[in-house]
Amino acid sequence: MWYALVDCNNFYASCEKVCNPSLAKRPVVVLSNNDGNVIARCPLAKALGIEMGAPFHRCTNIIQKHNVAVFSSNYALYGDMSRRVMDTLATCAPYVEVYSIDEAFLLHDVPHAEAQHYALSVRQKVMQWTGIPVSVGMGATKTLAKLANHIAKKRTDSGVFVLSGDSYCQSLLEAIDIAEVWGIGRRYERMLQSHGIYNVWQLINADDSFIKKKMTVVGLRTVYELRGIPCIGWEDAPPPKKTIVSSRSFGRQVESLHELDQAAAHYSAIAAGKLRTQHCAAGAVTVFVSTNPFKNEPQYSCSATVVLDMHSAYTPDIIAAAHTALCSIYRQGYRYKKVGIMLTDIIPYQELSPTLFMHMDNYEKRYRLMQALDSVNRQHGRGTVYFASEGVVQPWSMRRKYLSPRYTTHWNEIPVVR
DNA sequence: TCTGGGGTCCTAGGACCC
DNA sequence: TCTGGGGTCCTAGGACCC
């Protein structure tokens, strides 16, 4: 059995290019929410030296000088393009695990001699069907497939790499830094280096008890996986979330409780919607607020949790709890940058039980109302129907100055060929 | 003017139980 | 000298991922 990791190259930038051919030869960058940082760059933009994560306002010179095309994050577009890529991958292998918006693992039984050819065929098919370039890495475990993908990304000629047989060798693995391994973050990188472990080959040959002591069983699993022993399970369907968070920085700083409350209601509605899509209810609502830590002014951040009388996925319940929590932590005189909602103690609908205070018919009514709300917003776009407490004007909403059209999800914004 | 958002898992230690 | 043995649950903190 082979694990393959398929990773879309510069995914957000690629999505913008697919839908707008005039960008083909222009450097493209995509910004984070609020147009804060650069979070995706096409190869041309990378070549200009624009760093991943760089604050946008520090890149304006280079952007102007080289006529770089800039886009705000357009999740309506990226989410839909992701679905198309994943649908394509589903035709390439019997088992597909969607790992993130731009990555998926495939599990497939391919003869060793045909692995390279298979990887190339996956890449070619996704390109032909969606226009998105991908890299494909293959190996005996997920971690090796990830590592192979890292190598594939550097093979701009083929875009694929099979890590096994002759390629699973000391010289190749010695040339790869441990930081490239899935599961080795900054802290572990530094710790391992301080013990003389710098490259993947050294990590593979490290002492088990040392790894376990310093990196727990999680780290030991990583090392086993590098040795070709699968330790990380396969997930056919994403497990339901145990916590759901909805939070954004404001487009400008907010001082009034009224505006914070609107934003809290808005994020409550988003979080409750996510809760219902996984057929679950939450037992507690946490609200957190914070000022802008980058500003030299009085700082305040705090959170409060309200435990619900009974588990709920009913948006008004969540909004009410968020309101109570927010009022308990709000302090006047600060310039707030952010508010967020977290839902916890999440259980599936089946485990809900009616209490003395909630008769079943009332429960049914609320359930049907939320279904109607979700269905309208699914068909006509998020925000078609919303709660008045979310605010009509939403002056605090995030900046998205460079937003591209929702090319693939809105009839009015569909690309036109002349 | 200006610095993202959303998750999971593991461990240690304390409270509490019989 | 020496202070039972075994278990669960919860939380905070630390690590990682995209």
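Quick caveat: nothing in here was measured; it's all calculated off a predicted structure. Just so it is clear: chains get the letters A, B, ... in the order the sequence lines come, proteins before strands, and each one is counted from 1.
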J.: By the 4.0 Å heavy-atom rule, please label A/V181 as base, sugar-phosphate, or nothing.
T.: sugar-phosphate
J.: Measure centre to centre between the rings of A/W396 and A/H266, then say whether the value is under 6.0 Å.
T.: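 When the ring centroids of A/W396 and A/H266 are compared, they turn out to be within the sub-6.0 Å range.
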J.: Pick base, sugar-phosphate or nothing for A/K337, based on heavy-atom distances below 4.0 Å to the nucleic acid.
T.: sugar-phosphate
J.: Reckon A/K146 touches a base, only the sugar-phosphate, or nothing at all at heavy-atom distances under 4.0 Å?
T.: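 Sugar-phosphate contact only.
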J.: Would you classify A/F56 as touching base, sugar-phosphate or nothing, given that sugar-phosphate means primed atoms plus P, OP1 and OP2, and contacts are heavy atoms under 4.0 Å?
T.: nothing
J.: Kindly point out which of C/dC18, C/dA15, B/dC10 is positioned nearest to the side chain of A/V217?
T.: B/dC10
J.: Whole-Å distance between C/dC18 P and A/W182 CH2?
T.: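 Spelled out: CH2 on A/W182 to P on C/dC18 is 8 Å.
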J.: Is it true that A/Y334 and A/Y300 have ring centroids separated by less than 6.0 Å?
T.: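 For A/Y334 and A/Y300, the ring centres are under 6.0 Å apart.
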J.: With a 4.0 Å cut-off on heavy atoms, is A/D35 in touch with a base, just the backbone sugar-phosphate, or nothing at all?
T.: nothing
J.: How many whole angstroms separate atom CE of A/M215 from atom C1' of B/dC9?
T.: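 Nearest whole value for this atom pair: 14 Å.
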J.: Mind checking if A/S246 touches a base, just sugar-phosphate, or nothing, with heavy atoms under 4.0 Å?
T.: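 It contacts sugar-phosphate atoms only.
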J.: What contact category does A/N34 fall into here, base, sugar-phosphate, or nothing, at under 4.0 angstrom with non-hydrogen atoms?
T.: nothing
J.: Taking all non-hydrogen atoms of both residues into account, name the closest pair between A/A322 and A/I341 and its distance.
T.: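 A/A322 and A/I341 have their closest heavy atoms at CB-CD1, 3.8 Å.
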J.: Just how far, in rounded Å, is P of B/dT1 from CZ of A/R400?
T.: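 Rounded to whole Å, this separation is 25 Å.
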J.: For A/R335 and A/S247, find the nucleotide of DNA chain B closest to each by heavy atoms; which residue's nucleotide sits nearer the 5' end?
T.: A/R335
J.: Tell me whether A/R276 is salt-bridged to A/D374, with the criterion being a basic N under 4.0 Å from an acidic carboxylate O.
T.: yes
J.: Of the nucleotides B/dT8, B/dG4, B/dT3, which one has an atom closest to the side chain of A/N292?
T.: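 Of B/dT8, B/dG4, B/dT3, B/dT3 is nearest to the side chain of A/N292.
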J.: With heavy atoms under 4.0 Å as the rule, sort A/K401 into base, sugar-phosphate or nothing.
T.: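 Nothing: the residue A/K401, judged by heavy atoms under 4.0 Å, touches no strand.
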J.: Taking OP1 and OP2 of B/dG5, is either one under 4.0 Å from a side-chain nitrogen or oxygen of A/S249?
T.: yes
J.: Sticking with atom C1', work out how far B/dC17 lies from C/dG4, rounded to a whole angstrom.
T.: 15 Å
J.: Could you state the NE2-P distance from A/H57 to B/dT3, rounded to the nearest angstrom?
T.: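 These atoms are roughly 7 Å apart.
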J.: Charged N to carboxylate O below 4.0 Å: is that the case for A/R83 and A/D87?
T.: yes
J.: Find the distance A/R248:CZ to B/dG6:P and express it as a whole number of Å.
T.: 5 Å
J.: NA contact type, A/I184, heavy-atom cut-off 4.0 Å: base, sugar-phosphate, or nothing?
T.: sugar-phosphate
J.: Pick base, sugar-phosphate or nothing for A/K212, based on heavy-atom distances below 4.0 Å to the nucleic acid.
T.: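 Counting heavy atoms under 4.0 Å across all strands, no contact is made by A/K212.
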J.: Check the distance between B/dG4's C1' and A/F294's CZ and give it to me in whole angstrom.
T.: 10 Å
J.: For B/dC18, which nucleotide is its Watson-Crick or G-U wobble mate, given both distances must be under 3.5 Å?
T.: C/dG5
J.: Taking the nucleotide of DNA chain B with the nearest heavy atom to each, does A/P239 or A/P55 sit closer to the 5' end?
T.: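 Here A/P55 is the residue nearer the 5' end.
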J.: Would you classify A/I244 as touching base, sugar-phosphate or nothing, given that sugar-phosphate means primed atoms plus P, OP1 and OP2, and contacts are heavy atoms under 4.0 Å?
T.: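 Sugar-phosphate, backbone atoms only, no base.
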